[in-house]
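Each chain gets a letter, A, B and so on, in the order the sequences are listed, and its residues count up from 1.
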Amino acid sequence: MATVQFKGIVKKFGDNLVLNGVDVDIKDHEFVVIVGPSGCGKTTLLRMLAGLEEITDGEILIDNLLVNELHPSKREIAMVFQDYALYPHMTVEENMNFALRLRKMDKAEIASRVAEASNVLQLNKFLKRMPKQLSGGQRQRVAIGRAIVRKPKVFLFDEPLSNLDAKLREEMRVEIAKLYQRLNATIIYVTHDQVEAMTLAGRIVIMNHGIVQQVGSPIEVYRKPCNLFVAGFIGSPTMNFMTGKLALEGEALFFKNEDIKLSIPPYLLSDAKKHDGREVVLGVRPDDVLVERDGEKCSDKVQGVLEVCELLGHRENLYLKVGGMRVLATVEAFFNRSPGSAVTLCFNYKNMHVFDKATESRISE
Amino acid sequence: MDILKSIYEVVWFILLVAAGVAALEGYFYTHFKFYARAWFFPAVLGVFPALALAVFGGLLGGYTFKLWLYFLLAEAAIAAFFRYAVKGRHTVPYLLLAPAFVGLALLLVYPFVFEVYLSFHDLKLTTIMMWKNTGTLPFVGIDQYVKVFTTSPLSEVTFWALLGRTLLWTFSNVFFHVAGGFILALMLNNQIRFKGFYRTLLVIPWAMPQVVAVLAMRGEFHSTNGFVNILIGKLLAVFPFLAALGVAPVQWLTDYPLLTCTLINIWLGIPFMMVVILGGLQSISSSYYDAADIDGASYFQKLRFITMPLVRPVMMPAVTLGTVWTFNNINVIYLVTGQAGGTEQADILVSALYKAAFTYNRYSYSAAFAIVVFAMLFFFSVFYLKSFDAAKDER
């Protein structure tokens, strides 16, 4: 197993800057998920690590070995592709041992490795089948098996679950988590799905516009998003944002806009004087909007109108209108009010985030 | 005024075709509409054979009782078919198909049936007047087929020698078409500048009328004025040691006619294969190559394990077609060597067949010959497509 380092990675397609100085250190045995919206450069980064794309500038090191000019096959990596890329004219077994056959490995060794991998992935029954005869999930397992038999230093997964339906995706997510526990390998996993990122990752790398926005454990990026993009991207349903201005009234700091006025306690923003007159965005997750409830360390009550209820089963999404602002609250199921009724709500200060409007970066503790 | 006359003739012809189609549609419509009426059989049997006799009798020369009887029998069969099998169903689809179907029957079915008829009779220069005067030919059974395998269609070459030559010609041509087309397609499939321009240039021999292309190339193989020999001459002047290796200008058209034909036909056939294979190459997902890169496959391993097997499904039908076309390719052979006084050294089965029919006037013999050639190609194609289907089912 191995460490991976990206140092100042830049990638240009013609004049189009795709990656702009990416620095990430990945430790041995770590499961890192690179997540971001489509076009953010995450797949390009992975393909550069695999050696399938030229590196415009910067350095990539695997186990402290500079691999910039190394052929993909010499990097000791294995990649699972989004479309699986199983060779359609070869059986499952031939697909899995193709790389080993090319290396002219001993036949007995090849057979034992394929047997081992197919045991792990429960592919024994399918070894003689063609990829066409397999379901999506089975194909995905073959693609993973093809990676396992090579015993690589680093596993690369390029959106491996995005071609599967929702139910199968959940199952495969658990499979991959189990596989990681078993292999304990260094895994780099690219996805646009923040749920996959949150559930699988040891560490998440969030990217946007070719720049790393934040690196941290799932709970870190969820609890302390470092900027507006991360705050909006991680978490489902999406965080509520309220734009307004900070104003000092006496000693206390207030957040104001046309619709609401909230006091900002010192444990959220210390040094109140410094922030007077600053344009900010307040962020509150739907779970931290308390409707018709009191809580410890909560803001003042605000009046709102219930627009739409969405029952999810054990939870319920409430779409509220506070003045001209829309606020989404997620509450325990059976909030028995009809749309149009007036409600009072407050925000949980413990999980409130304050971002500067101009720089979009976090200023709260 | 001549132009007016031409326009008049064209309009008249169009009207004639339209009237023919209308008559045809009316004929079928009657059968679709009234198949169940009590008066259906007497009416159609009374009207249509008589009408047909009036029209075709004039065209064929003679309103004979026998001809009317044929029409009557045909009409009875058709009427019964409509009454008991079609029963007025699918009227519109059949009516729409009818003109094309009748056109095909006239252009394909009738000649084929006539060819089979000829091959069991004896039509040649000495019997053609008898056929014209009496309308009958001596029946000879399978004599013509026996002759195909035992006598020469030309003055000296035997059927078996021609068959061997044809197989050699077909194999060498198709082999070089595929090999050349594959190499060019691989080159064009890369990211290169002016790709469209190169592709256009390479397709020109295929896009040009074959007669023009072949005659132009034939000129280039002329012993003194063709560029092939001029090029060899210049090369010899620059590299005199080539002469020691046996390189010298040769009389292409008289000494090596089959080789010349092969070279020209290879040049003509490569673009088609190139276009087909290029299409196949472009349909291969690049992620296979990415996966193979990571698996550590070299360029030639990728070619062998990825490109070749994945291009095969598009290439096989093209190879089948190419084989049939080359086997049947009379154009190149005839245009290069076939004019009066031409050599027999380059003849393949179909060009010999053409000469047997139209130079030596052995019509029935040629008909049998053509059916033998047809049978060979038919079984080849069926076998090929079957094995191709089997290969496809494996996937």
Side-chain angles (χ1 to χ4, degrees), chain A residues 13-14 43 46-54 67 70-91 94-105 128-134 142-144 146-147 149-150 152-156 158-160 163, chain B residues 178 181-182 185-186 189-196 276-320 384-395:
Chain A
F13 289 116
T43 295
L46 197 74
R47 288 174 62 84
M48 284 161 88
L49 173 59
L52 301 173
E53 296 283 354
E54 294 282 318
V67 296
L70 218 53
H71 189 267
S73 62
K74 303 273 188 290
R75 298 187 183 198
E76 299 189 58
I77 44 127
M79 188 156 170
V80 177
F81 293 86
Q82 178 173 1
D83 59 356
Y84 322 131
L86 297 179
Y87 309 122
H89 55 290
M90 297 186 197
T91 61
E94 285 164 346
N95 262 290
M96 281 167 70
N97 65 24
F98 183 60
L100 308 181
R101 277 187 289 145
L102 289 181
R103 287 191 216 162
K104 304 228 165 26
M105 193 180 268
K128 298 290 171 213
R129 294 227 194 137
M130 288 290 174
K132 201 177 78 178
Q133 299 164 310
L134 301 179
V142 176
I144 295 173
R146 189 166 68 173
V149 294
R150 303 185 46 208
K153 286 181 171 176
V154 186
F155 284 92
L156 311 181
D158 182 13
E159 310 224 11
N163 281 10
Chain B
V178 172
F182 207 103
L186 280 176
N189 198 33
N190 291 327
Q191 293 294 329
I192 48 172
R193 274 162 169 265
F194 310 121
K195 194 152 98 177
V276 170
I277 294 172
L278 187 61
L281 288 180
Q282 283 169 346
S283 70
I284 300 177
S285 158
S286 66
S287 63
Y288 296 136
Y289 293 105
D290 288 344
D293 266 335
I294 290 176
D295 283 343
S298 67
Y299 179 82
F300 287 104
Q301 283 172 328
K302 279 190 271 184
L303 199 63
R304 188 179 145 205
F305 293 115
I306 315 273
T307 312
M308 298 274 221
L310 292 182
V311 155
R312 224 177 79 100
V314 280
M315 213 163 77
M316 282 298 113
V319 168
T320 315
Y384 221 74
L385 291 175
K386 274 272 190 300
S387 65
F388 177 64
D389 276 350
K392 209 163 64 178
D393 285 343
E394 261 173 37
R395 309 247 149 103

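- Heavy-atom contacts from other residues, nucleotides or ligands closer than 6.0 Å to CZ of B:R304 number 12 or fewer.
- Only the side chain of A:R146 comes within contact range of chain B, with at least one heavy atom under 4.5 Å from a heavy atom of that chain.
- Looking at A:L86, only its backbone comes within 4.5 Å of chain B, counting heavy atoms on both sides.
- Formation of a donor-acceptor pair under 3.5 Å by the A:R47 side chain with backbone atoms of B:D290 is not found in this model.
- Of the possible donor and acceptor atoms, none in the side chain of B:Y288 sits under 3.5 Å from a partner among the backbone N and O of A:P88.
- Atoms OG and CZ, on B:S286 and A:F81 in that order, are 8.5 Å from each other to the nearest 0.5 Å.
- Nearest heavy-atom pair across B:L310 and A:H89 is CD2-ND1, 3.6 Å.
- Of all non-hydrogen atoms in B:D293 and A:P72, the two that sit nearest each other are O-CB, 3.8 Å.
- For B:K195, the NZ atom is densely surrounded, since the number of other residues' heavy atoms within 6.0 Å is greater than 12.
- Interatomic distance, CZ of A:R75 versus CD1 of B:I294, reported as 9.5 Å (0.5 Å rounding).
- Both the backbone and the side chain of B:F305 come within contact range of chain A, with heavy atoms under 4.5 Å apart.
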